[in-house]
Amino acid sequence: MAQIDFRNKINWHRRFRSPQGEKSEHEILRIFESDRGRIVNSPAIRRLQQKTQVFPLERNAAVRTRLTHSMEVQQVGRYIAKEILSRLKEQRMLKAYGLDELTGPFESIVEMACLMHDIGNPPFGHFGEAAINDWFRQRLFPSDAASQPLSDDRCTVKALCLREGEEPLNDLRRKVRQDLCHFEGNAQGIRLVHTLMRMNLTWAQVGCILKYTRPAWWQGEPPASHDYLMKKPGYYFSEEAYIERLRKELSLPPFGRFPLTWIMEAADDISYCVADLEDAVEKRIFTVEELYQHLYDAWGRHEKGSLFSQVVENAWEKSRSNSFSHSAEDQFFMYLRVNTLNKLVPYAASRFIDNLPAIYAGEFNHALLEDDSSFSQLLELYKNVAMHHVFSHPDVEQLELQGYRVISGLLEIYRPLLQLTTEAFSELVEKERIKRLPIETRLFHKLSTRHRLAYAEAVSKIDRQSPSWPILEFYYRCRLIQDYISGMTDLYAWDEYRKLMAVE
């Protein structure tokens, strides 16, 4: 294992217009304060207020949005970071680990990563992701196209058809197909920060939101040594060069993770588990009494002094004795959150410190709160009750199916832009209006200027005389459509779908 020195990880340089020379502790902190300002004031953060955490299209302001959830994760992440630093200070290890002058940036990087962790999520959450991926698999390529070795005549996109004697072009086609059919919110978050919004954050700040290290075009099983870190796509082919540079700047191994990302992940795990249950009570999916019974039944063996009794039963008893009947719900969740945090945050901090050599190296192939302990069991309890009694509720499933239909419908509406030839779409981009293409022209005008500029910049770097030009042009065109639709809020996607389907 490499010597632990966080001065080699908390890299305050940026890709563009990076400050030069040695910096004092105060100057480095100012650089990360600049990151905070760029993030808090970004439109991607503002849009989170109209993307709902569990219940799409929810008009009850007490139910969490992605923004309020992210703010809660931010607070928990700060709590864990402070706990870690406090323990290292007690152990007189801050200086040995190069953290004595970097405690402020350490906390700030974690906080802002927590605030940003959901910015790439499409409307309707995981069902939005599924809708995008299913649509691209079903509409653009035959179901078994990726496995066809040569002359795939059934491929509906000529640029991506496999052809006799065209390796390595066929390798590129396979890579692009796989990449487009694996849209993922975490990978889209990287794309938003770097390519679409050009936030020019420090390398350390971006490294902290690279939650998964598998490229979206990966085929087959990941290596066992990194199967957890690579369980989902973490970035796209379009950001491949950027991620390579990021790894170099942060001294990350090929499929390794930035050390502080484990803290962000633990904060998210702790936050959403309790929050989903509270939102379900707010939505009257079940009463607080029914929730307590669900938790009690799912825990199994009940022993005096167990973690369940210290956290859940304690919250229940306090809410019954310390509140009036009309506020028992609020009291229960307040005590449940406090008790959960007071148990899980110190445990997450100790796990981070105990496994610091592997975490610093980027190779710890687990979540901090994923082990055989009762702490992990408590998180699983919350998740399992939510899965069986919240996400399977008919009202929730209906909203998810509606969201799936909206995203699929919008992609179908914009399909004419993907059916144009490379030459025709390039002409449309250049002229912005073509009389013989009335539908495509109007659809093109509806696309966001930011997304159109990102497409134009990407294709401007491709040699048009290269045999790979049609493949790469079509890839970035698909990314353009995915960027636009995934960037919508729940309500905007719903309204846009209704307007374009002429159902109003």
Side-chain angles (χ1 to χ4, degrees), residues 43-44 47 119-123 128-141 146 156-160 172-199 210 214-218 232-244 407-408 410-422 424-426 428-429 440 443-462 464 466 468-488 493:
R47 287 194 188 95
I119 60 170
N121 282 28
E129 288 176 338
I132 292 171
N133 289 326
D134 289 350
W135 191 89
F136 274 84
R137 289 190 191 106
Q138 295 165 9
R139 303 300 197 282
L140 293 184
F141 321 115
T156 57
V157 182
K158 289 184 179 181
L160 300 185
L172 177 60
R173 292 180 180 113
R174 292 187 186 97
K175 186 175 185 177
V176 162
R177 286 179 176 185
Q178 185 79 0
D179 195 84
L180 289 173
C181 295
H182 286 82
F183 178 93
E184 217 281 330
N186 291 288
Q188 189 67 17
I190 295 291
R191 181 164 170 78
L192 269 167
V193 164
H194 171 62
T195 307
L196 300 180
M197 295 191 299
R198 301 176 68 88
M199 294 171 71
L210 184 63
R214 171 159 64 95
W217 65 88
W218 183 278
K232 291 183 180 180
Y235 61 96
Y236 302 132
F237 169 60
S238 50
E239 280 68 53
E240 181 180 17
Y242 177 67
I243 295 300
E244 284 301 311
I407 299 299
S408 301
L410 286 170
L411 286 166
E412 196 64 30
I413 288 167
Y414 282 88
R415 188 179 183 181
L417 291 176
L418 299 179
Q419 292 176 315
L420 290 176
T421 65
T422 299
F425 189 75
S426 298
L428 179 58
V429 171
E440 292 83 351
L443 290 172
F444 183 74
H445 288 166
K446 291 187 69 64
L447 299 176
S448 159
T449 301
R450 176 183 289 111
H451 299 141
R452 285 159 57 179
L453 287 173
Y455 164 85
E457 182 180 3
V459 299
S460 70
K461 297 175 182 177
I462 308 168
R464 298 201 176 202
S466 167
S468 62
W469 157 250
I471 303 171
L472 294 175
E473 185 283 321
F474 184 76
Y475 170 75
Y476 287 111
R477 202 190 319 171
C478 290
R479 279 267 156 259
L480 168 63
I481 303 301
Q482 289 191 5
D483 290 340
Y484 177 59
I485 291 177
S486 69
M488 295 178 176

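No experiment lies behind these values; they were computed from the predicted model shown.
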Partner set under side-chain contact (heavy atoms from CB on, under 4.5 Å) for Arg47, not counting sequence neighbours: Pro43, Arg450, Thr489
Whether [X] side chain and [Y] backbone form a donor-acceptor pair below 3.5 Å:
X      : Y      : value
Gln178 : Trp218 : yes
Tyr236 : Glu184 : yes
Asp179 : Phe237 : yes
Tyr414 : Leu447 : no

Pairwise distance [atom1]([X]) to [atom2]([Y]) - rounded to 0.5 angstrom:
X      : Y      : atom1 : atom2 : answer
Cys181 : Ile132 : SG    : CD1   : 11.5 Å
Ile471 : Leu172 : CD1   : CG    : 4.5 Å
Leu411 : Ile481 : CG    : CD1   : 8.0 Å
Tyr475 : Ser468 : OH    : OG    : 13.5 Å
Arg191 : Ser486 : CZ    : OG    : 9.0 Å
Arg173 : Leu472 : CZ    : CG    : 10.5 Å

[Y] side chain reached by [X] side chain, heavy atoms, under 4.5 Å:
X      : Y      : result
Leu453 : Leu196 : no
Ile407 : Pro123 : yes
Phe425 : Phe474 : no

Minimum heavy-atom distance between [X] and [Y], given as atom pair plus value:
X      : Y      : answer
Pro416 : Glu440 : O-CG, 3.9 Å
Leu180 : Cys478 : CD2-CB, 3.5 Å
Ile119 : Leu192 : O-CD1, 3.2 Å
Ser426 : Thr422 : OG-O, 2.8 Å
Leu210 : Gly234 : CD1-O, 3.7 Å

Report the C-alpha distance between Gln188 and Asn121 in whole Å, list the side-chain angles of each, state the deciding distance to 0.1 Å, and finish with yes or no for side-chain hydrogen bond (donor to acceptor under 3.5 Å, both in side chains). CA-CA 7 Å; Gln188 189 67 17; Asn121 282 28; over 6 Å; no
Could you tell me which residues satisfy ring pair (Phe, Tyr, Trp, His ring centres under 6.0 Å) with His182, sequence neighbours excluded, listed by chain and number? none
Contacts of Phe183 that satisfy ring pair (Phe, Tyr, Trp, His ring centres under 6.0 Å) - sequence neighbours left out: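 Per chain and number, Phe183 pairs via ring pair (Phe, Tyr, Trp, His ring centres under 6.0 Å) with no residue.
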Relative to each other, are the rings of Tyr235 and Trp217 parallel, tilted or perpendicular (30° and 60° limits)?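 The rings of Tyr235 and Trp217 stand perpendicular, inter-plane angle above 60°.
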Would you check, one step at a time, whether the test salt bridge (Lys or Arg N to Asp or Glu O under 4.0 Å) holds for Glu129 with Lys232? CA-CA 12 Å; Glu129 288 176 338; Lys232 291 183 180 180; 5.9 Å; no
side-chain hydrogen bond (donor to acceptor under 3.5 Å, both in side chains) partner of Tyr455, the single match among Glu473, Arg477, Arg479: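 Among the candidates, only Glu473 passes.
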